[in-house]
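One structure is given here, and the rest of the page talks about it.
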Amino acid sequence: MEKVAFITGGTRGIGKQIAITLAKCRYDIAINYRNENEELENTKKEIEANNVKCLAVKGDVSNFEDCEKNVEEIISKYGKIDVLVNNAGITRDTLLMRMKKEDFEDVINTNLVGTFNVTKNVISYMLKAHYGRIINISSVVGIAGNAGQTNYSASKAGIIGFTKSLAKEVASRNILVNVVAPGFIETSMTNVLKDEIKEEIAKSIPLKRMGTTQDVANVVKFLASEDSSYITGQVINVDGGMLM
Ligand code: NDP
């Protein structure tokens, strides 16, 4: 029986690359999306081109009931979820002085509460199965902080605390919970930055380039695999050496 991986925010960016990479490793895939669009259809086709199944479920991770329904739908199709990748995330960058209450709440509710909402609905199935791999996508700014991102770095730091606590709770059931903390990765999230700023950032990174979505997906693939069976509660930075 194929393993099943559920990737939130799997229609574009890092999530899409993770879904395709796991599909290449013969996982059946579930992704969630908020709005039907061309990108969703293309992503589904790219996943299915690897001769695996792909189920796309509609839901907003900041909404607990949506997550409950998404997980029920995945379980009724596949019967299990072996790997959960909490990837969906947003930014609303601005200095605290200018930040609206909604900017703070939206980011916490999507990134941190969203991770709780999905994991809470998946964990009982993993506990029963005595098996699971949960990989939470945080960020290096959750470790180091970043001016203009008090909301985002708080959410990403929260994900690290959540991960370590859950890793301790569920280790005895063979469920491993880890964090991948990307640095600057080329996606629509970072495309909003001007080219000069991106060049400056690349210069400051020891490996002298921004990361690719594949750089992140490769580490998720490792953490989802049996090669990582003695690793839990860890944070792996994928940042070209930026934070060392
Ligand atoms: P993108 O903006 O390209 O993609 C974000 C994805 O998350 C989209 O699929 C989006 O869906 C989904 N999403 C956002 N909000 C929700 C929600 N409420 N419910 C369901 N899905 C949602 O971002 P990236 O691919 O760059 O980022 C992916 C993850 O990696 C995020 O957690 C981000 O914080 C993290 N990260 C990214 C870095 C980077 O440099 N790019 C660096 C460090 C961390 P939709 O299409 O519906 O909007």
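Whatever order the structure lists them in is the order used to number ligands and atoms, beginning at 1.
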Working to the nearest 0.5 Å, report the span between OG of Ser138 and CG of Asn237. 9.0 Å
Relative to ligand 1, is Ser138 under 4.0 angstrom through side chain, backbone, both or neither, heavy atoms considered? backbone
Which residue and heavy atom of the protein sit nearest atom 32 (O) of ligand 1, plus the separation: Asn87 O, 2.7 Å
Proximal atoms of ligand 1 relative to Gly183 (non-hydrogen, under 4.0 Å): 38 (C), 40 (O), 42 (C), 43 (C)
Assess the side chains of Thr119 and Asn86: does a donor N or O sit below 3.5 Å from an acceptor N or O? yes
Thr8: heavy atom below 4.0 Å from ligand 1, yes or no? no
Give me the nearest non-hydrogen protein atom to atom 40 (O) of ligand 1 as residue plus atom name, then the distance to 0.1 Å. Ile185 N, 2.8 Å
Around atom 43 (C) of ligand 1, find the nearest protein heavy atom and jot down its residue, atom name and distance. Pro182 O, 3.4 Å
Can you tell me if Lys208 has over 12 outside heavy atoms packed within less than 6.0 Å of its NZ? yes
Flag Arg34 as yes when one of its N or O atoms lies below 3.5 Å from any N or O atom of ligand 1, and as no otherwise. yes
Shortest protein contact, atom 37 (C) of ligand 1 (heavy atom only): Ile14 CD1, 3.7 Å
Within the 4.0 Å heavy-atom cut-off, what Thr110 brings close to ligand 1 is side chain
Answer with yes or no whether Ser188 contacts ligand 1, where contact means a heavy atom under 4.0 Å from a ligand atom. yes
Does this structure show an ion pair linking Asp103 with Lys101, if we count only N-O contacts that are shorter than 4.0 Å? no
Tell me, please: is Tyr33 in heavy-atom contact with ligand 1, that is, under 4.0 Å? no
Pick whichever of Thr11, Val238, Thr187 has a heavy atom sitting closest to atom 41 (N) of ligand 1. Thr187
Give the contacting part of Asp60 toward ligand 1: side chain, backbone, both or neither, where contact means a heavy-atom distance below 4.0 Å. both
Heavy-atom contacts with Gly13 under 4.0 Å: which atoms of ligand 1 show up? List them by number with element. 3 (O), 25 (O)
Is there a heavy atom of Gly211 sitting under 4.0 angstrom from any atom of ligand 1? no
Note the single closest protein heavy atom to atom 19 (N) of ligand 1, along with its residue, its atom name and the distance in Å. Val61 N, 2.9 Å
Under a 4.0 angstrom heavy-atom cut-off, which atoms of ligand 1 come close to Tyr152? 33 (C), 34 (O), 35 (C), 36 (N), 43 (C), 44 (C)
For Arg133, is there an ion pair with Glu226 - N to carboxylate O distance below 4.0 angstrom? yes
Could you list which atoms of ligand 1 come closer than 4.0 Å to a heavy atom of Ser139? 43 (C), 44 (C)
Does ligand 1 have a heavy atom under 4.0 Å from the side chain of Ile90, from its backbone, from both, or from neither? side chain
Among the heavy atoms of Lys156, does any lie under 4.0 Å from an atom of ligand 1? yes
Suppose we measure from atom 21 (N) of ligand 1 to each protein heavy atom; which comes out shortest, and what is that distance? Ala88 CB, 3.5 Å
Hey, which atoms in ligand 1 end up nearer than 4.0 Å to a heavy atom of Phe184? 40 (O)
Counting C-beta onward and ignoring hydrogens, is there a side-chain heavy-atom pair between Lys156 and Ile143 closer than 4.5 Å? no
Of the listed options (Gly59, Gly9, Gly89), which comes nearest to atom 20 (C) of ligand 1 when hydrogens are ignored and any heavy atom counts? Gly59
Could you walk me through whether Met242 and Leu207 pass side chain to side chain contact (heavy atoms under 4.5 Å, CB included), step by step? CA-CA 8 Å; Met242 201 170 81; Leu207 288 178; over 6 Å; no
So, Arg12 and Thr43: side-chain donor and acceptor under 3.5 Å apart, yes or no? no
Could you tell me whether Asp66 and Arg34 have a side-chain N and a carboxylate O separated by less than 4.0 Å? no
Is the closest basic N to carboxylate O distance between Lys16 and Glu46 below 4.0 Å? yes
In terms of residue, atom name and distance, what is the protein heavy atom nearest to atom 2 (O) of ligand 1? Arg12 NH1, 3.3 Å
With the threshold set at 4.0 Å, does a side-chain nitrogen-carboxylate oxygen contact exist between Glu48 and Lys45? no
Atom NZ of Lys100 with >12 non-hydrogen neighbours under 6.0 angstrom: no
Can you confirm whether the side chains of Asp93 and Gln149 place a donor and an acceptor under 3.5 Å from each other? yes
Whether over 12 other heavy atoms sit under 6.0 Å from Lys198 NZ: yes
